[in-house]
Amino acid sequence: MAQKPTIPKGTRDFNAETVAKRNYIIDTIKSQFQLYGFQPIETPSFENSDTLMGKYGDEGDRLIFKILNSGDYLNKISDSEYNLRSESILTSKISEKALRYDLTVPFARYVVQHQNEIDFPFKRYQIQPVWRADRPQKGRFREFYQCDADVVGSTSLFQEVEFIKLYDAVFTALNLEGVTIKINNRKILSGIAEVIGAQDKLIDFTVALDKLDKIGEDKVKAEMLAKGISQNGIDKLQPLFSLSGDFRNQVESLKTILSASNVGLKGIEELEFIDSAITNLGLKTANLQLDVTLARGLNYYTGAIFEVSAPEGVNMGSIGGGGRYDDLTGIFGLKDVSGVGISFGLDRIYLVLEELNLFPQSVKDNTKVLFINFGDKAALFSLNAISELRSHGINAELYPDSAKMKKQMNYANKRDIPYVVIVGEDELNSNTYALKNMSSGEQQKVPLEDLISKLK
RNA sequence: GUGGUUGUAGCUCAGUUGGUUAGAGCGCUGGUUUGUGGUACCAGAUGUCGUGGGUUCGAGUCCCAUCUUCCACCCCA
């Protein structure tokens, strides 16, 4: 056969139904973003490599899609450089642009670049695709959408509170009840690292701790030991592994563990503030849960960190995450602009809603009425009526060919079009329309006004 | 990046120790029905067996490579 075309690994085509469902999620998120006062911006699909490189750690750099320079990109390479066969040197020479890896770093670049036009605190949202050169898996793609909302230019903890409310509002609007919003604070993690004498191994420490619910206490300890954290330090962690009770109880235990760390105590203070505000305001359907093991890989977070997991029983990684970053724009030369933001993983939310069958019937509504085609004269008559219906906001269309009735009916059936209008000799003469309800099979001849009112 | 897994009709899949012309169900097209769909009955079409190489008299089946799928790591939405 002629070689069938394919799409690249980790990418997807979306059919009409999928797009409708995705739009439903996007529209829901968007309207909540706007209710909370966020304004939309968009940034380019690709950025200069040096804007992105080094912002996500070594692992992140590896996963950034690099764009080959145009033209004779080998021209500038000297023989000696070429013969070094060094990936990093060569890459920087032949690739100066890269596809965006997330929306946060481009946003930071945007803020710095447009700082004089922006009114702070700046609340923006952004819904665009991002790309990662990752190996695909369940819920992991190489092209996927992120829906981000961030505020920069305010250190108020009420922003964190607002974001938790926003998560709750979005998932409630999507009828996805019972999601868990896990919260932690980077300062607490720093404090713990300090207490066990592993400040310099903060990243290794948090990455290992993050795996607790997945690989268990013993393996976490083993990994920490392997990363060079002392046995003595690990022993001090013991109370951490046996944290229990509600938010308040856990916080009290943490206070004991962190009594010697100022940073740690500051983190606890922040958590308490957020928790008491949320307790006061209440959440509709989500649960807020303190999770000391929550780490999140991105190293720019400095305060609160969030992660949202799907309701129990759904096997899916996190469907959203975010946190406070005190110095994100610092890397682009703008100091002292604190930001906090959250992200929704559209593609994963889609999979969860699909699994739980939570898409409303209405997202599938397409054409409301199909006019059967019985030749040019009737078709023209029908098109007049169709124009009229459309002006009343009714989705209507004419079957384009004067094909066999059965074929036309079948078409309406396949596309789940709920009504069919038949216009033939009789109807033309009496200036009426035979309106047929496809699910009940009922049919009646009505004038145009009735057609409009019945289909509305 | 590491380890495993998958690919046969539009879809879901069967295909024996290598052996003639590669099958099923669903779907599709047409008909039973010249203005009535979803059910029923009848008839029909569709494949370089993911791609490239190799072994063999002979490969869907064995070997190698490559792409793809899914999964576990790493990391992450």
(message) Tell me if the side-chain of A:R135 makes a donor-acceptor pair with the base of B:U69, cut-off 3.5 Å, by modelled atom types.
(response) no
(message) Measure CG/A:D210 against P/B:C75 and give the value in whole Å, please.
(response) 9 Å
(message) Using the P atom as the point on both nucleotides, what is the distance between B:G23 and B:A9, in whole Å?
(response) 14 Å
(message) Any carboxylate oxygen within less than 4.0 angstrom of a Lys/Arg side-chain nitrogen, looking at A:E397 and A:R415?
(response) yes
(message) Give me the distance, rounded to whole Å, that separates B:U61 from B:U56 when you measure between the C1' atoms they each carry.
(response) 13 Å
(message) What is the separation between atom CG on A:L294 and atom P on B:A77, rounded to the nearest whole Å?
(response) 11 Å
(message) If the cut-off is 4.0 Å, is A:K414 near the phosphate of B:C28, judged by side-chain N/O to OP1 or OP2?
(response) yes
(message) Is there a side-chain contact between A:K211 and the phosphate of B:C75, meaning an N or O under 4.0 Å from OP1 or OP2?
(response) yes
(request) Classify the nucleic acid contact of A:F344 as base, sugar-phosphate or nothing, counting any heavy atom under 4.0 Å across all strands shown. (result) nothing
(message) Can you tell me which residue among A:Q126, A:R109, A:Q113 is in a side-chain hydrogen bond (donor to acceptor under 3.5 Å, both in side chains) with A:T43?
(response) A:Q126
(request) Report the nucleotide, chosen from B:C75, B:C74, B:A77, that has the shortest atom-to-atom distance to any side-chain atom of A:Q137. (result) B:C74
(message) Before you tell me yes or no, could you show the steps for A:S453 and A:D450 under side chain to side chain donor-acceptor pair (under 3.5 Å), namely the whole-Å CA-CA distance, both residues' side-chain angles and the distance that decides it to 0.1 Å?
(response) CA-CA 5 Å; A:S453 62; A:D450 290 8; 4.6 Å; no
(request) Using the P atoms only, state how far B:C74 lies from B:U68, rounded to an integer number of Å. (result) 23 Å
Side-chain donor-acceptor pairs under 3.5 Å in residues 220-231 of chain A, sequence neighbours left out?
residue	atom	partner	partner atom	Å
A:K221	NZ	A:E217	OE2	2.9
A:K221	NZ	A:Q238	OE1	2.8
A:E223	OE1	A:K211	NZ	3.0
A:E223	OE2	A:K211	NZ	3.0
A:S230	OG	A:G233	N	3.0
A:Q231	NE2	A:D235	OD1	3.1

(request) Could you state the atom-to-atom distance from CZ of A:R142 to P of B:C76 in whole Å? (result) 17 Å
(message) Please encode protein proximity along nucleotides 33-39 of chain B as a string of B, S and -, counting only heavy-atom distances under 4.0 Å.
(response) --BBBB-
(request) Would you mind checking if A:D401 and A:K407 are paired as a salt bridge, meaning a charged N to carboxylate O distance below 4.0 Å? (result) no
(message) Measure CG/A:D347 against C1'/B:C76 and give the value in whole Å, please.
(response) 13 Å
(request) Anything under 30° is parallel, anything over 60° is perpendicular, the rest tilted; go ahead and classify A:Y433 against A:F381. (result) parallel
(message) Could you tell me if the side chain of A:R100 sits less than 4.5 Å from the side chain of A:Q128, heavy atoms only?
(response) yes
(message) Check the orientation of A:Y325 and A:Y301. Use parallel for under 30°, tilted for 30 to 60°, and perpendicular for over 60°.
(response) tilted
(request) Would you mind classifying the nucleic acid contact of A:S343 as base, sugar-phosphate or nothing, using non-hydrogen atoms under 4.0 angstrom? (result) nothing
(message) Ignoring hydrogens and geometry beyond distance, is the side chain of A:R132 in donor-acceptor contact with the base of B:C75 at under 3.5 Å?
(response) no
(request) Please figure out whether A:K138 or A:E59 has its closest RNA chain B nucleotide nearer the 5' end. (result) A:K138
(message) Do A:F344 and A:V308 have side chains that approach each other closer than 4.5 Å (heavy atoms only, starting at C-beta)?
(response) no
(request) Would you kindly give the CD1-to-P distance between A:I64 and B:G1, to the nearest whole Å? (result) 15 Å
(message) With rounding to the closest Å, how many angstrom separate the P atoms on B:C57 and B:G18?
(response) 16 Å
(request) Spell out, as yes or no, whether a donor-acceptor pair under 3.5 Å connects the side chain of A:S95 to the backbone of A:I67. (result) yes
(message) Please classify the nucleic acid contact of A:G10 as base, sugar-phosphate, or nothing, using heavy-atom distances under 4.0 Å.
(response) sugar-phosphate
(message) Can you see whether A:S338 engages A:T155 through a side-chain donor-acceptor pair at a distance of less than 3.5 angstrom?
(response) no
(message) Whole angstroms only, please: what is the NZ-P distance between A:K219 and B:A72?
(response) 15 Å
(request) Mind calculating the distance between CD1 (A:I7) and C1' (B:U68) to the nearest angstrom? (result) 11 Å
(request) Using the C1' atoms only, state how far B:U33 lies from B:A43, rounded to an integer number of Å. (result) 16 Å
(message) Nearest heavy atom decides the nucleotide; on that basis, is A:P136 or A:Y145 closer to the 5' end of RNA chain B?
(response) A:P136
(message) I'd like the P distance from B:G38 over to B:U29, given in whole Å.
(response) 12 Å
(request) Measure from the side-chain heavy atoms of A:R348 and tell me the nearest of B:C74, B:A77, B:C75. (result) B:A77
(message) Both atom distances under 3.5 Å, Watson-Crick or G-U wobble: I'd like the secondary structure of RNA chain B as a dot-bracket string, with | for pairs made across strands.
(response) ((((..(..((((.....[...)))).(((((.......))))).....(((((..]....))))))..))))....
(message) Below 30° counts as parallel, above 60° as perpendicular, anything between as tilted: where do the rings of A:F122 and A:Y110 land?
(response) parallel
(message) Nearest whole Å is fine: how far is B:C76 C1' from A:F141 CZ?
(response) 13 Å
(message) Measuring only the C1' atom in each nucleotide, how far is B:U12 from B:U16? A whole number of Å is fine.
(response) 22 Å
(message) For the P atoms, the ones on B:U51 and on B:G60, what distance do you get once it is rounded to whole angstrom?
(response) 11 Å
(message) Under 4.0 Å, heavy atoms only, any strand: does A:G320 hit a base, just the sugar-phosphate, or nothing?
(response) sugar-phosphate
